[in-house]
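As structure tokens, the structure follows; a few thoughts come after it.
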Protein chains: 2
Amino acid sequence: MSRHKPSAVPPPGVRERLLDTADQLFYKEGVRAVGIDRVLAEADAAKASLYLHFGCKDELIAAHVERRVAGARSQIEAYLHDTPPGERALRFFDWVVDWVKSPDFRGCPLQHIVAEISDPKHPARLAAARQREWLHARFLEWARAAGAADPGATAGALLVLFDGAVAASEQDGPQRARNARWVAGQLLSR
Amino acid sequence: MSRHKPSAVPPPGVRERLLDTADQLFYKEGVRAVGIDRVLAEADAAKASLYLHFGCKDELIAAHVERRVAGARSQIEAYLHDTPPGERALRFFDWVVDWVKSPDFRGCPLQHIVAEISDPKHPARLAAARQREWLHARFLEWARAAGAADPGATAGALLVLFDGAVAASEQDGPQRARNARWVAGQLLSR
DNA sequence: ATAAATACAGACAGGTCTGTCTACTTCCGG
DNA sequence: CCGGAAGTAGACAGACCTGTCTGTATTTAT
């Protein structure tokens, strides 16, 4: 299907195109601020395609969250791949420091979803909750590997620091991620 | 003006009633999820009154944020009134621990506004930014009073911990505020 | 009692939203 | 070539949204 640019690589299917576009717009402006007509116009796709691939807007929103979650997981895993387990907790905050400096950084997609969608049963909220569990499991694993005296409390603290780094960076600027990394370093060197 | 309940205390004026209602609904469900007709119906007020007292919805949203900000400031100030300056930083986190346990707790209104309204020039965003500055000034003052070696870094760290406590409590539950308080304690006892 | 201030009920306009649907087009493989 | 798969353009319905406006009702102060 050659649309506008003839290239050696076939353009993504319409589902991918819709999800890419929605993902970017939703993250940039918010899931409620962006209506489906906007997504359609910018993805250059037809309404029937959207409803064929995603049953409704809420499903598109959930797919956006799943996309963000999968992206973060693979980035984190790649970033820490060569880091010894005992050093991963602190090294994670290097990743955060990098992330908040990226040009399209606008805070935490999970925090945004929780703000915009108050119903905890919404599919996007369920996807967000699953990522919380994943993160908690990672922090617990890393706290143990780092030899923390109380891995449970340390994991909780690391989650708080992560959330705070992201939320505060969104509002005050990227230096807040360095503040968080510093605190994590103090905490983990005890 | 006796509307439905004859009482010794006159009912609030319609402006107050509208703002009370909007404040609660906006915090509970989000500023975009709640339309003005919902506010009107629950406040039992007329549309002309809303537009007389608040020029437009955006002004009502900004008034909601100002209300939340003023409420938080007065609570914090009252809570710390009898606390020696050197102990205020940590005592503040006791306030956070209490707040996240309140029945209507749903996270940080500032974080919600930042998520829902991407335009930094929006009056609600400006109100939120002013509160960030106030908070930073308080933390800096308290870090100095606590004798922190680096009050600037400590103030930044405390802001991160505050944001993290609130965001993580919203998503995981109130134990996260206790995690944050513990970290603040470690940090301030150095 | 009367006038002014305050608030009300609700129609209206125009736009936007989400989702449903039909007829048509394009591409690809047999 | 032909049929099926995938995608398109866009009309439509109904609901909801924000803001404008008019006439009416209620309360308060003189």
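Here is the naming used below: chain letters follow the sequence lines, and residue numbers restart at 1 for every chain.
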For a quick test of reading the model: is some side-chain N or O of [X] closer than 4.0 Å to OP1 or OP2 of [N]?
| X | N | result |
| --- | --- | --- |
| Ser49(A) | dT8(D) | yes |
| Arg17(B) | dT6(C) | no |
| His53(A) | dA6(D) | no |

Requested in this report: Answer yes if Phe105(B) and Ile113(A) sit in the same cluster of Ile, Leu, Val, Met, Phe, Trp and Tyr residues linked by side chain heavy atoms under 4.5 Å apart, and no otherwise.
Outcome: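 In one cluster with Phe105(B): Ile113(A), no.
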
Integer-rounded Å distance: [N] [atom2] and [X] [atom1]:
| X | N | atom1 | atom2 | result |
| --- | --- | --- | --- | --- |
| Leu52(B) | dT26(D) | CG | C1' | 16 Å |
| Glu16(A) | dG7(D) | CD | P | 12 Å |
| Phe26(A) | dT18(C) | CZ | C1' | 12 Å |
| Asp44(B) | dT26(D) | CG | C1' | 14 Å |
| Leu40(A) | dG19(C) | CG | C1' | 11 Å |
| Phe54(A) | dA6(D) | CZ | P | 15 Å |

**Report entry** Contact state string [nucleotides 10-20 of chain D, B base, S sugar-phosphate only, - no protein heavy atom under 4.0 Å]
**Finding:** B------SBBB

Query - Whether Phe92(A) and Trp95(A) hold their rings parallel, tilted or perpendicular, with breakpoints at 30° and 60° - result: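 Ring orientation of Phe92(A) relative to Trp95(A): tilted.
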
Report task. Check whether NZ of the Lys or CZ of the Arg Arg138(A) lies under 6.0 Å from the centre of the six-membered ring of Trp134(A) and within 45 degrees of that ring's axis. Result ->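 Checked: cation-pi criterion met.
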
Report task. For Arg132(A) and Leu159(A), run side-chain contact (heavy atoms from CB on, under 4.5 Å): C-alpha distance rounded to whole Å, both residues' side-chain angles, the deciding distance at 0.1 Å, then the answer. Result -> CA-CA 9 Å; Arg132(A) 299 300 290 180; Leu159(A) 255 180; 3.8 Å; yes

**Report entry** No-hydrogen, no-angle side-chain donor-acceptor test under 3.5 Å, His53(B) and Glu16(B)
**Finding:**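 Not at all, the side chains of His53(B) and Glu16(B) share no donor-acceptor pair under 3.5 Å.
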
Query raised in the report: Shortest non-hydrogen contact from Arg38(A) to Glu29(A)?
Result: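 Arg38(A) and Glu29(A) have their closest heavy atoms at NH2-OE2, 2.9 Å.
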
